[in-house]
Amino acid sequence: MDDTMYNAILLALLAVSILQFLRPGASRRLRRPPGPRTLPAIGSVHHVVNTLVHRSLRELAAVHGPIMMLKIGPMPLVVVTSRELAREVLKVQDPNFANRPRLLVGGICGYGWTDIIFAPTSDYWRKIRKLCIHEVLSPKRILSFQYIREEEVQRQVEAVRAAGPDTPVNVTRMVYDISSRTISRSSFGEVRPDMAVFQDAIKRVIGLSSGFNVPDLFPRLREVLGEVSGMKRKLREIHRTFDSILVDIIEERRSVRADRLAAGKEVVDENVVDVMLTLQKNDDSLGFPLTDNTIKAVVLDMFAGGTGTSGSSTDWAMSELARNPRVMKKLQDEIRRTFHGKETITEADLRNSDLKYLKLVMKEAIRLHPAAPLLVPRESIDTTELGGYVVPGKSRIVVNAWAISRDPRYWKDPEEFRPERFEEDGAVDFHGLHFEFTPFGAGRRMCPGYNYGLAGMELTLLQLMYHFDWRLPLGVDEVDMEEAMGLGVRRKNPLMLCASPYVPCPAAVA
Ligand code: HEM
Ligand SMILES: *[C@@H]1O[C@H](CO)[C@@H](O)[C@H](O)[C@H]1NC(C)=O
């Protein structure tokens, strides 16, 4: 469905919902949250759908307050924009708010909502999530992928060196390449020739998972509207594309195992698919059948949850470093002092060092540019009270983590890139305890892959900062920071920088 038609339908729906809103209802003791209700609301929601959602919602919150309700079609969308209410949603009332809406995309592309991201709360979701945390995203497993991260970062370091100091490097492409190739190799052992097709399909899945698509706004009519709007057809096509690739991958890994067994060799779990195939052998103990579709759904989650998020976090960190020479210098000093004279730095070196400033830089980049600014949409289970208002069951809940982590009530000079803020008194962290800083969410739905994502980000920044001095290309005097439209915050235009190799020279420092 093209945008014009989509908007026309949306506007018609809005008009209807606003009329309903204006109908006098029985007076209740507790009111529903405030929100844009009058005619300009059409403009606002129009904004919500077509612009930088996190920014439009912050503007609306400035008018309506830290809790507001937008009606999009029959769907109440509750938006929370304060530390206190984020804590309420993600912690105090987490059991009631940790559900996910059954979006059309999760039904068709998420193997009937059997992946982790799209699955509504259930015993199954708890089990598959736990399984992934223990088997696939555990510190031990992440460590076992160390050589992959090292090789992928090294590969790019060499490419940057080869480009020479005067050819602008496409930093954006480079960091997304690192994260997608790393996820790909750790998921199934290789970067396949059809990787681009696969990645593109995943991107389209994410694009259709905002929950703002017409069929998703009408849960009861979801299937019908999905058909008539053409969205189902589109989703089935995307699903066919990546499913056939996943079928291939699983068959390949199965035959590799069979060959090893036949040759009397031990079967080694080298990647996520291998791990899942081993678990599949004795799935009696899991409490749910671990089918091939479950394996596919888990791999899909790794890509959907892990590629764009890690890529954009590193991309923004590089952008902020490029426009804050003081910070870049301080970071490079720390790294170059520590690894002085070394030709290559491994993750083991990194673990044995104490690069405090690097960690602060990462936090500050993620604070200003959380990859999922509104987290992932949740759905309430029962009617409840939130911030003094009634929130009906089955409401869509969005926490504007982006706005909260730039709120002057909690942050001094919030728009400034100042990593030192994270080592000052009362400094906060992102482990889901400080609700002014929840780039990975919190509670039952908190991102299970953040250590995985941060490991890649850390090694990438470390190497890029150690090996090169970065500057803007000739004729460019400002780092463009424009954000692309969509639910994630990505750069609109690629970050292009020139890199001069830094040659560690022991004589110079002695
Ligand atoms: C810097 C990188 C990352 C960021 C900023 C990020 C952020 C998030 C956020 C905000 C959520 C939603 C939390 C909520 O609903 O409260 C989430 C969920 C999730 N993330 Fe991440 N993530 C990152 C990396 C990764 C990686 C590398 C993986 C896997 C390899 C991953 C897998 C997942 C999964 C499976 C979920 C769904 C959890 C559930 O619904 O139970 N993420 N992530
Ligand atoms: C940089 O990389 C991005 C992402 O691959 C690509 O879309 C863009 O065209 C590239 N830009 C330049 C100038 O190389």
Side-chain angles (χ1 to χ4, degrees), residues 86 89-91 94 97-100 106 110 113 115-122 125-126 128-133 136-138 141-142 145 163 167-177 179-180 182-184 186-187 196 199-200 203 209 272 297-317 362-363 365-367 369-379 397-399 401-402 405 430 432 435 438-458 460 473 484 487-497:
V89 169
L90 302 174
K91 182 176 183 187
D94 188 32
F97 288 119
N99 204 11
R100 297 256 192 249
W113 299 282
D115 75 317
I116 303 170
I117 304 178
F118 294 122
T121 310
S122 67
W125 163 76
R126 260 184 296 276
I128 184 81
R129 183 180 154 101
K130 207 164 134 201
L131 183 81
C132 278
I133 288 175
V136 173
L137 298 167
S138 67
R141 192 74 63 192
I142 295 173
F145 298 141
T167 313
V169 174
N170 193 335
V171 176
T172 300
R173 175 159 56 204
M174 175 170 67
V175 296
Y176 280 95
D177 263 12
S179 67
S180 64
T182 305
I183 293 270
S184 173
S186 55
S187 296
Q199 292 279 4
D200 184 60
K203 241 195 200 152
S209 56
V272 173
V298 166
V299 172
L300 173 74
D301 270 8
M302 303 292 112
F303 277 85
T307 317
T309 49
S310 306
S312 89
S313 303
T314 315
D315 202 17
W316 286 115
M362 286 164 63
K363 277 191 200 168
I366 291 172
R367 177 185 70 84
H369 310 279
L374 303 176
L375 307 184
V376 176
R378 291 154 171 248
E379 189 181 278
I397 315 288
V398 154
V399 175
W402 173 85
S405 64
F430 46 57
F435 294 88
T438 57
F440 302 103
R444 289 166 170 71
R445 284 282 176 177
M446 185 169 172
C447 176
Y450 71 92
N451 279 323
Y452 190 147
L454 292 174
M457 183 182 182
E458 190 173 18
T460 305
L487 274 193
V489 242
R490 286 172 171 243
R491 289 185 56 86
K492 180 164 183 210
N493 305 305
L495 176 66
M496 306 291 297
L497 296 174

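Numbering of ligands and ligand atoms starts at 1, following listing order.
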Just to be sure I'm reading this right: ignoring hydrogens, which of [options] gets closest to [atom]? Compare them by their nearest heavy atoms.
atom                     : options                        : answer
atom 21 (Fe) of ligand 1 : Ala372, Cys447, Gly456, Gly306 : Cys447
atom 36 (C) of ligand 1  : Gly305, Pro448, Pro370         : Pro448
atom 5 (C) of ligand 1   : Tyr452, Phe440, Phe118         : Phe440
atom 16 (O) of ligand 1  : Arg100, Arg378, His369         : Arg378

Rounded distance [0.5 Å steps], [atom1] in [X] versus [atom2] in [Y]:
X      : Y      : atom1 : atom2 : result
Met457 : Asp315 : CE    : CG    : 10.0 Å
Arg129 : Met446 : CZ    : CE    : 9.0 Å
Met496 : Asn170 : CE    : CG    : 4.5 Å
Tyr176 : Thr314 : OH    : OG1   : 8.5 Å
Ser179 : Tyr452 : OG    : OH    : 10.0 Å
Ser184 : Asp177 : OG    : CG    : 11.0 Å

Quick one: look up the protein heavy atom nearest [atom] and list residue, atom name and how far away it is.
atom                    : result
atom 30 (C) of ligand 1 : Met302 SD, 3.5 Å
atom 1 (C) of ligand 1  : Ser313 OG, 3.4 Å
atom 35 (C) of ligand 1 : Ile117 CG1, 3.7 Å
atom 23 (C) of ligand 1 : Thr309 OG1, 3.4 Å
atom 11 (C) of ligand 1 : Val376 CG2, 3.9 Å
atom 13 (C) of ligand 1 : Arg445 O, 3.3 Å
atom 10 (C) of ligand 1 : Pro439 O, 3.3 Å

In terms of the angle between their ring planes, are Phe440 and Phe430 parallel, tilted or perpendicular, with boundaries placed at 30° and 60°? perpendicular

Any idea which atoms of ligand 1 are less than 4.0 Å away from a heavy-atom of [X]?
X      : value
Gly441 : 10 (C), 13 (C), 16 (O)
Gly453 : 27 (C)
Ile116 : 38 (C), 39 (C), 40 (O), 41 (O)
Arg129 : 38 (C), 39 (C), 41 (O)

Quick check: closest heavy atoms across [X] and [Y], and the distance to 0.1 Å?
X      : Y      : result
Ser187 : Met302 : OG-CB, 4.0 Å
Arg490 : Gly308 : NH2-CA, 3.6 Å
Arg491 : Thr172 : CD-OG1, 3.9 Å
Val169 : Ala163 : CG2-CB, 4.5 Å

Write 'none' if nothing qualifies; otherwise put on separate lines each N/O atom of ligand 2 with a protein N/O atom under 3.5 Å away and their distance to 0.1 Å.
unit_1, atom_1, unit_2, atom_2, d
ligand 2, 2 (O), Asn170, OD1, 3.3
ligand 2, 2 (O), Asn170, ND2, 2.3
ligand 2, 11 (N), Asn170, ND2, 2.9
ligand 2, 14 (O), Asn170, ND2, 3.1

Of Asp94, Ile117, Thr121, Leu375, the residue whose pairing with Arg445 passes side-chain contact (heavy atoms from CB on, under 4.5 Å): Thr121

Under a 4.0 Å threshold between the charged nitrogen and the carboxylate oxygen, would Arg100 count as salt-bridged to Asp115? no

Assess the residue pair Ile366 and Leu454 against the criterion (side-chain contact (heavy atoms from CB on, under 4.5 Å)); give the C-alpha distance rounded to whole Å, side-chain angles, the decisive distance to 0.1 Å, and a yes or no. CA-CA 10 Å; Ile366 291 172; Leu454 292 174; 3.6 Å; yes

Tell me which part of Val399 gets within contact of ligand 1: side chain, backbone, both or neither, using heavy atoms under 4.0 Å. neither

Counting heavy atoms only, which part of Trp125 comes closer than 4.0 Å to ligand 1: side chain, backbone, both or neither? side chain

Assess Leu137 for proximity to ligand 1: is some non-hydrogen atom of it under 4.0 Å away? yes

Which residue pairs pass the side-chain hydrogen bond (donor to acceptor under 3.5 Å, both in side chains) test when at least one of the two sits in residues 301-313, sequence neighbours left out? none

